[in-house]
Amino acid sequence: MNFSNKTDKEIAELLDQYMIKHGPVVGSTRKLYEKKLHEALESNEGKKSSPLKTIYQEEEEEIILTRSALRPSPKSELYTDWEARTTEMDHHSAYNRKQYSTEPTGHSFKYQEVLRDYKDESQPIRSSSATFRNVSHSKPSHVTAPVKPTTIKDSQDKRYIPIWLQFMVFILFAGFLYYVFTNMEVTPKNPFEHIN
Amino acid sequence: MSSTSQKHRDFVAEPMGDKPVTALSGIGEVLGKKLEEQGFDKAYVVLGQFLILRKDDDLFIDWLKDACGANSKQALLCYSCLKEWCDAFL
């Protein structure tokens with residue numbers, strides 16, 4: 001999208017739309033704001049989708065999530081479930097495969113995987129969050145739910161070390177400290193006690 | 001003892017007047033030259049840009065990196081320098 005045709009005022013309005021904080025749009029700041037708008041547009045492209053697609057995939061997500069919620073399936077089983085159900089999204093299956101090979105299938109992380117995959121397959125934030133809501137509770141909560149999946153996904157994308165590993169290292173370290181603490185002996189007040 | 005450089009302290013100690021852009025902390029010969037090419041030949045012009053970006057750190061640092069190719073450290077030094085100057089004199 002070319003921003004050079006827009007007036008300064010239009011640029012300012014667009015910046016407000018994308019919730020980018022900014023000052024007045026003048027000659028020296030124009031280039032910077034156009035660049036910011038380009039970045040905002042590119043990051044939004046992955047989130048756009050048509051409404052019809054949303055409805056269909058919302059149902060599919062629900063089914064998969066409820067199935068995975070019922071039993072802790074091993075990696076291969078989950079993958080075959082995906083394969084059977086995502087025939088429509090074959091062009092993304094290669095990407096999905098790569099995702100699964102690097103991530104564990106701990107129960108709590110399945111939601112994240114589903115959300116991430118659907119997110120990358122041009123799903124709007126709202127549909128994934130609706131599914132998230134459907135599985136966990138029946139009441140629609142519109143403000144808090146959309147925020148959570150995106151933040152999980154955003155922080156997931158930027159991590160170089162997977163979060164499960166970080167948690168494990170943390171718990172191991174905490175356990176180690178606890179072990180050391182409990183095994184500390186109380187030193188006798190009088191060092192010469194035993195001799196006497 | 002603060003962790004600021006002598007250049008920073010010198011700049012922040014008095015009104016900038018007509019000081020060249022290289023007087024700013026983080027801006028050396030190379031970056032100064034690039035800024036001058038764009039019309040930012042004096043420190044007060046960069047101050048103007050800083051103010052019009054509402055003294056915001058993200059915006060100013062982004063702008064500076066884009067304008068003269070400063071790295072994060074240099075841009076941050078320049079930002080802190082200007083910010084402190086503004087706190088004292090603006």
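Lettering follows sequence order; numbering is per chain, from 1.
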Worksheet item: Salt-bridged, A/Lys36 to B/Asp62, with N to O below 4.0 Å?
Response: yes
Worksheet item: Can you name the closest pair of heavy atoms from A/His22 and B/Leu59 and give their distance?
Response: CA-CD1, 3.8 Å
Worksheet item: If two hydrophobic side chains count as joined below 4.5 Å and joins carry through other members, does B/Tyr44 share a cluster with B/Leu90?
Response: yes
Discussion item. Tell me if the CD atom of B/Glu29 is crowded by more than 12 foreign heavy atoms within 6.0 Å.
Written reply: no
Discussion item. Measuring from atom CG of A/Leu32 to atom CG of B/Leu53, what distance do you get when rounded to the nearest 0.5 angstrom?
Written reply: 6.5 Å
Discussion item. Distance check, rounded to the nearest 0.5 Å: B/Asp66 atom CG versus A/Lys31 atom NZ?
Written reply: 4.5 Å
Item to complete: Mark yes when over 12 heavy atoms from residues, nucleotides or ligands other than B/Lys42 sit less than 6.0 Å from its NZ; otherwise mark no.
Response: yes
Worksheet item: B/Trp63 and A/Ser28: which non-hydrogen atoms are nearest, and at how many Å?
Response: NE1-O, 3.8 Å
Item to complete: Provide the closest heavy-atom pair for A/Gly23 versus B/Arg54 in the form atom of the first, atom of the second, distance.
Response: CA-CD, 3.5 Å
Discussion item. Under 4.5 Å between side-chain heavy atoms, counting indirect links through other Ile/Leu/Val/Met/Phe/Trp/Tyr residues: same cluster for B/Val30 and B/Val46 or not?
Written reply: no
Fill in: Contact origin within A/Lys35 toward chain B - heavy atom pairs under 4.5 Å
side chain
Worksheet item: With the 4.5 Å side-chain cut-off for hydrophobic clustering, are B/Val12 and B/Leu77 part of the same group?
Response: no
Worksheet entry | Cluster link A/Met168 to A/Ile161, ILVMFWY, side chain under 4.5 Å | yes
